Amino acid sequence: MTDDNPSNEEQPPRRGSMRFQDAESTKPREPTLAEQRARRKAIAEEEQRRAEAEQARAEADRKAETRRKVLIGSGVTVGLVGLVAGWYLVAAPEQVTAVCTTDDGTIVENDDYCDEDYVTSHGGYYSGGFMFLPLPGGGGYQQYRYNYGGTGTVGGTVSGGSYTKPANADISTRSGKTVQRGGFGISSGGFGKSGGS
């Protein structure tokens, strides 16, 4: 028995109705030219954003490295300056005045009598810290040597001080002649030798 009812027949789809597609048998349509361009543009923009982000990250890393190096360099510089300043304060040369005396400690006016160059140029010699100058008229030698840090007046006996030359000291005579420059490992020449100012 057939059903002649037209309502059971398959009707064409009405306007505004939806059709469902089977995912397994439906072939996707090719994208339009405009869609292809939009997709390429979106991909290019994404790649550009990634490249800019990578460049910004690299720049930030470079600046951070530069800052780190500057801070380390500044710290080293400040540390070295502090170290040198501290060492100089501790090891700054002491200022010592040397007076020329005879072998019995009498202070003489002429500092040259304790200068090696002067003594040797006047026929004398030096040995063991003493300068030996020939006596006027011959017949012997007079001994002279520096006293470091002692006080007194010419013709009087030196008071205090030492006959041992202090290390790391700026030593000069009352007349301003330099006997030794101290500090930073600089030492003088021979014992009692004066240097240039």
Side-chain angles (χ1 to χ4, degrees), residues 58-197:
E59 182 69 15
D61 289 346
R62 186 188 64 76
K63 285 182 179 178
E65 180 67 15
T66 300
R67 261 194 313 273
R68 187 179 68 79
K69 286 180 181 175
V70 166
L71 287 174
I72 288 172
S74 298
V76 168
T77 302
V78 168
L80 283 176
V81 168
L83 180 66
V84 169
W87 182 85
Y88 186 74
L89 286 175
V90 171
E94 181 185 359
Q95 303 297 315
V96 176
T97 302
V99 291
C100 187
T101 69
T102 59
D103 58 339
D104 64 0
T106 303
I107 299 173
V108 296
E109 186 172 0
N110 193 344
D111 295 330
D112 288 338
Y113 293 170
C114 290
D115 181 276
E116 292 174 13
D117 292 335
Y118 178 87
V119 169
T120 54
S121 68
H122 285 79
Y125 64 96
Y126 57 93
S127 175
F130 286 94
M131 308 297 146
F132 297 90
L133 271 173
L135 292 170
Y141 290 89
Q142 175 64 53
Q143 296 179 27
Y144 300 95
R145 63 180 172 167
Y146 277 125
N147 176 283
Y148 304 99
T151 58
T153 56
V154 173
T157 303
V158 68
S159 174
S162 170
Y163 288 101
T164 303
K165 183 187 287 185
N168 190 36
D170 280 338
I171 304 171
S172 57
T173 64
R174 292 179 183 176
S175 64
K177 183 183 293 185
T178 300
V179 176
Q180 170 180 288
R181 293 191 188 279
F184 296 105
I186 300 171
S187 60
S188 69
F191 186 92
K193 182 178 176 68
S194 64
S197 299

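Please read all numbers here as calculations on a predicted model, not as lab measurements. Values below: every heavy atom of this structure, side chains too, minus hydrogens, waters and symmetry copies. We number each residue from 1, following the sequence as shown.
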Undergrad: Which pair of heavy atoms, one from Asn147 and one from Gly161, lies closest together, and at what distance?
TA: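 That would be OD1-CA, 3.7 Å.
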Undergrad: Check side chain to side chain contact (heavy atoms under 4.5 Å, CB included) between Lys63 and all other residues, then give those that pass, not counting sequence neighbours.
TA: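 Lys63: side chain to side chain contact (heavy atoms under 4.5 Å, CB included) contacts with Glu59, Arg67.
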Undergrad: For the residue pair Met131 and Cys114, what are the closest heavy atoms and their distance?
TA: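 Closest approach of Met131 to Cys114, heavy atoms only: CG-CA, 3.7 Å.
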Undergrad: List the atom of Tyr163, the atom of Tyr146, and the distance in Å for their closest heavy-atom pair.
TA: CD2-O, 3.1 Å
Undergrad: For Val158 versus Gly150, what's the shortest heavy-atom pair and its separation?
TA: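 The answer is CG2-CA, 3.8 Å.
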Undergrad: Not counting sequence neighbours, which residues clear side-chain hydrogen bond (donor to acceptor under 3.5 Å, both in side chains) with Asp112? List them please.
TA: Lys177
Undergrad: Sequence neighbours excluded, which residues qualify as ring pair (Phe, Tyr, Trp, His ring centres under 6.0 Å) partners of Tyr125?
TA: Phe132, Tyr141
Undergrad: Output all residues satisfying side-chain hydrogen bond (donor to acceptor under 3.5 Å, both in side chains) with Ser159, sequence neighbours left out; order by chain, then residue number.
TA: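 In terms of side-chain hydrogen bond (donor to acceptor under 3.5 Å, both in side chains), with neighbours along the sequence ignored, Ser159 is linked to no residue.
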Undergrad: So, Thr101 side chain and Arg145 main chain: donor-acceptor pair closer than 3.5 Å or not?
TA: yes
Undergrad: Quick one: list whatever passes side chain to side chain contact (heavy atoms under 4.5 Å, CB included) with Gln142, sequence neighbours left out.
TA: Thr102, Asp103, Leu135, Tyr144
Undergrad: Under the side-chain hydrogen bond (donor to acceptor under 3.5 Å, both in side chains) rule, collect the residues that match up with Thr173, sequence neighbours excluded.
TA: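 For Thr173, the residues satisfying side-chain hydrogen bond (donor to acceptor under 3.5 Å, both in side chains) (neighbours in sequence not counted) are Asp111, Ser175.
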Undergrad: Using a strict 4.0 Å threshold on nitrogen-to-oxygen distance, state whether Arg68 and Glu65 make a salt bridge.
TA: yes
